[in-house]
Amino acid sequence: MTSRTAKDRLIVALDMPTVEEAQRLVVRLGDTVSFYKVGLELLFAGGLDLARSLKSDGKKVFLDMKLLDIGTTVERAVANVTEIGVDVLTVHGHDLKTMRAAVAGRGSSKLKLLAVTVLTNLTGDDLKQQGSTLAPADLVLHRAKLARESGVDGVIASGQEARRIRDTIGPGFLIVTPGIRLTGSSTDDQERITTPDNAIASGADCIVVGRPITQADDPKLAAETFVNHIREAELPG
Ligand SMILES: O=C(O)c1cc(=O)[nH]c(=O)n1[C@@H]1O[C@H](COP(=O)(O)O)[C@@H](O)[C@H]1O
């Protein structure tokens, strides 16, 4: 996650119903994509085996489990995840206990832990329903500070919040941003979206892209387009 070629900064979310479909997509994407996210949908359809096989093919793998439970359970679950040999794991960033338990469970392994701040499909009204009086950007920043304090490696947030997180917390703290869309494309069920260019220019380390690539007529071309946007955003000035 520390390498910073434009290609390594694109994480493709393999949100697909079956491992076979995901494998076909990985073959089509070939060398264009080096980093994959395996999340809840695929995890309940044999996704862990796919995660292992992606690792043995030299890809980076992000296991998106969004863990949230009592500390003992989180700690032991994360300890078991370290045995799988993936690169990144998500936990919820709601409280210090969960994140500290994840850090304890990671032990001395190289597993990177990312805390999910406020899901990118949520708005201020959704937060009010949850009983929070904070605006999404303020709650994200609050949770990013907790995440820093807990010892996890970084956060998942919208690109809209990346600049504030980077300015407040500084370098060396990972910011990974889903909810990425090219200008004019469908937002699907996402709310706090940004373009890849804006996310990278705002200090994001990596962007997560699912449907704009997985459901594109030409997924390889779509992935190349996102890598090009990252590259352009990296250019000085
Ligand atoms: O943890 C995540 O990866 C995540 C957090 C978040 O706040 N928002 C979010 O969309 N995601 C994931 O990022 C991916 C976004 O997919 P698309 O909207 O299809 O690009 C999905 O796999 C989501 O599960």
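First listed ligand is number 1; within each ligand, the first listed atom is number 1. As the structure is a prediction and not an experimental result, all values here were calculated from the model.
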*Asks:* Quick one: does any side-chain atom of Thr90 pair with a main-chain N or O of Lys66 as donor and acceptor, under 3.5 Å?
*Replies:* yes
*Asks:* Out of Leu40, Val118, Thr120, Val116, who is nearest to atom 6 (C) of ligand 1 when you count heavy atoms only?
*Replies:* Thr120
*Asks:* Verify, without hydrogens or angle tests, whether Gln215 (side chain) and Pro212 (backbone) share a donor-acceptor contact under 3.5 angstrom.
*Replies:* no
*Asks:* Ligand 1 versus Asp64, non-hydrogen atoms closer than 4.0 Å: side chain, backbone, both, neither?
*Replies:* side chain
*Asks:* Among protein heavy atoms, which sits nearest to atom 20 (O) of ligand 1, and what does the distance come to when rounded to 0.1 Å?
*Replies:* Gly210 N, 2.8 Å
*Asks:* Under 4.0 Å from a heavy atom of Leu119: give me the atoms of ligand 1 that qualify, with their elements.
*Replies:* 5 (C), 6 (C), 7 (O)
*Asks:* At a 4.0 Å threshold, what atoms of ligand 1 neighbour a non-hydrogen atom of Ala13?
*Replies:* 22 (O)
*Asks:* Would you check whether Asp188 reaches within less than 4.0 Å of ligand 1, judged by its heavy atoms?
*Replies:* no
*Asks:* Between Thr225 and Asn228, do the side chains contain an N or O donor and an N or O acceptor separated by less than 3.5 Å?
*Replies:* no
*Asks:* Below 4.0 Å, non-hydrogen atoms only: which portion of His92 touches ligand 1? Side chain, backbone, both or neither.
*Replies:* neither
*Asks:* Going by distance only, is there an N or O of Thr90 that falls short of 3.5 Å from an N or O of ligand 1?
*Replies:* no
*Asks:* Relative to the heavy atoms of Ile156, which atoms of ligand 1 are at a distance of less than 4.0 Å?
*Replies:* 5 (C)
*Asks:* Quick one: do Arg181 and Asp188 make a salt bridge, cutoff under 4.0 Å?
*Replies:* yes
*Asks:* Nearest protein heavy-atom contact for atom 22 (O) of ligand 1: which residue, which atom, what distance?
*Replies:* Asp15 OD2, 2.6 Å
*Asks:* Side chain, backbone, both or neither: which applies to Pro212 and ligand 1 if a contact is any heavy-atom pair less than 4.0 Å apart?
*Replies:* side chain
*Asks:* What residues form a side-chain contact (heavy atoms from CB on, under 4.5 Å) with Arg166, not counting sequence neighbours?
*Replies:* Arg163, Phe173, Ile175, Asp205
*Asks:* Give the cluster check for Val227 versus Ile207: same hydrophobic cluster or not, with ILVMFWY residues linked at side-chain heavy-atom distances below 4.5 Å.
*Replies:* yes
*Asks:* Would you compute the distance between atom CD of Glu149 and atom CE of Met99 and round it to the nearest 0.5 angstrom?
*Replies:* 8.5 Å
*Asks:* Run the numbers for me: atoms of ligand 1, each under 4.0 Å from some heavy atom of Pro178, listed by number.
*Replies:* 4 (C), 5 (C), 6 (C), 8 (N), 9 (C), 10 (O), 11 (N), 13 (O)
*Asks:* Would you mind running through ligand 1 and noting each atom that sits below 4.0 Å from a heavy atom of Arg181?
*Replies:* 17 (P), 18 (O), 19 (O), 20 (O)
*Asks:* Should one rank Arg211, Lys37, Gln215 by closest heavy-atom distance to atom 18 (O) of ligand 1, which comes out on top?
*Replies:* Arg211
*Asks:* Among all protein non-hydrogen atoms, which one is nearest to atom 15 (C) of ligand 1, and what is the separation to 0.1 Å?
*Replies:* Gln190 NE2, 3.6 Å
*Asks:* Given 3.5 Å as the limit, does a donor-acceptor pair link the side chain of Asp64 with the main chain of Val38, or not?
*Replies:* no
*Asks:* Do Thr123 and Asp125 have a side chain donor and acceptor closer than 3.5 Å?
*Replies:* no
*Asks:* Tell me whether ligand 1 is touched by Glu41 - counting only heavy atoms on the residue side and a distance under 4.0 Å.
*Replies:* no
*Asks:* Under the ring-ring contact (aromatic ring centres under 6.0 Å, His included) definition, can you give me all pairs with a residue in residues 80-131, not counting sequence neighbours?
*Replies:* His92-His94
*Asks:* Number the atoms of ligand 1 from 1 as they appear, then name those within less than 4.0 Å of a heavy atom of Val208, with their elements.
*Replies:* 13 (O), 14 (C)
*Asks:* Is Asp153 salt-bridged to Arg106, cutoff N-O under 4.0 Å?
*Replies:* yes
